Each structure stands twice: as C-alpha cells, then as structure tokens.
Undergrad: 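Below you'll find the structure I mean.
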Amino acid sequence: MKASSKFILSAVALASAAFAQTSYADAGVTYNVGAITEYRYRGLGQTRGKPALQGGLDFDAGNGFYLGAWGSNIKWIKDQSTPTQDVKGSVELDLYGGYKFEAGGLGYDVGFLRYQ
C-alpha cells in the first residue's frame, strides 16, 4: 500500500472518531456544478479551447473537519505522452480534507490535497 493511501486511510479513521462526537445538526454538505467556455488554470488552457463541465462536493462536519472532491474534464494530458510512455486521461479529480481551528488568536487549516 502506498504511503499516500495509508495517510488517507489514517485521516479518514481519525475523522470518523471525531464525527462520532459531532452534533450532526452542525454538519453540512454543499455542491457546485458549472459549465464553462474553457477551463484555464494559472493562465494555461486545460481543455484546448473547448468547454468544460465541472463540479464539486464538500462535507463540513461542523467541528472543524472537512472533506471534498472537485472534478473537470481536461484535454491536455495527451500532450505529455512520449514514445516510451502513453499518458491517458480525460478527467481531473481533486480530493481534499483537513481540519480548521483557532489557537492563540490565529486561524489554522491543516489539510491534504491530492490531484489526480
């Protein structure tokens, strides 16, 4: 099992214990969906000038813990193929989670983000 998979499983187990003590009245799920003319990230086109369908789902446990996922279609990944490695993919998926809290008058957000 990869180290990142172990980390994610550990985080889910830790979060599960925290969720068990959470008042679910404070918990919430939000989502977003969008259709855009072109997906651009840091000024670079991700869909070769074509439209993109994007969406996300976020869970807030109400006690500082959060989890989420966001996705979009992409078209640039084929450009990364080489004669020895055929790179394929038409979807970007971002997975994230973490814990937000305040201490000493400052806000903190300790989290994990995985881009696939």
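What you see is a predicted model; the values in this text were computed from it and never measured.
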Undergrad: Distance under 6.0 Å and angle within 45° of the ring axis: does K100 meet both against Y66?
TA: yes
Undergrad: If you measure from CD on Q116 to CG on D94, what distance do you get to the nearest 0.5 Å?
TA: 9.0 Å
Undergrad: When you group the ILVMFWY residues by side-chain heavy-atom contacts below 4.5 Å and let the links chain together, are Y31 and V29 in the same group?
TA: yes
Undergrad: Okay, side chain of N63, backbone of F65: is any donor-acceptor separation there less than 3.5 Å?
TA: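 Judged by distance alone, yes, a pair lies under 3.5 Å.
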Undergrad: Please confirm whether the ring centroid of Y39 lies under 6.0 Å from the ring centroid of Y41.
TA: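 Between Y41 and Y39, which both carry aromatic rings, the centre distance is not below 6.0 Å.
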Undergrad: Using the side-chain contact (heavy atoms from CB on, under 4.5 Å) rule, pick out the option among T47, I36, N73 that qualifies with L53.
TA: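 By the side-chain contact (heavy atoms from CB on, under 4.5 Å) criterion, L53 pairs with just one of T47, I36, N73: N73.
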Undergrad: Quick one, F101 with V110, criterion side chain to side chain contact (heavy atoms under 4.5 Å, CB included). Give me CA distance, side-chain angles, the key distance, then yes/no.
TA: CA-CA 9 Å; F101 62 98; V110 179; 4.0 Å; yes
Undergrad: Check whether Q54 reaches the backbone of A52 with its side chain - one donor and one acceptor, N or O, closer than 3.5 Å.
TA: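 Between the backbone of A52 and the side chain of Q54 there is no qualifying donor-acceptor contact (under 3.5 Å).
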Undergrad: Under 4.5 Å between any side-chain heavy atoms of Y96 and D58, yes or no?
TA: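 When only atoms from C-beta onward are counted, D58 and Y96 do touch, with a gap below 4.5 Å.
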Undergrad: Any chain of hydrophobic side-chain contacts (each under 4.5 Å) joining L106 to Y99?
TA: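 Yes, because L106 and Y99 connect within a single hydrophobic cluster, where side-chain heavy atoms sit under 4.5 Å apart.
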Undergrad: State the OH-CG distance between Y115 and L95, to the nearest 0.5 angstrom.
TA: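 One gets 12.0 Å once the value is rounded to the nearest 0.5 Å.
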Undergrad: Quick check: do K50 and K75 have side-chain heavy atoms less than 4.5 Å from each other?
TA: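 Yes. Closest side-chain heavy atoms under 4.5 Å.
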Undergrad: Please check this pair: side chain of N32 against backbone of G56, looking for a donor-acceptor N/O pair closer than 3.5 Å.
TA: yes
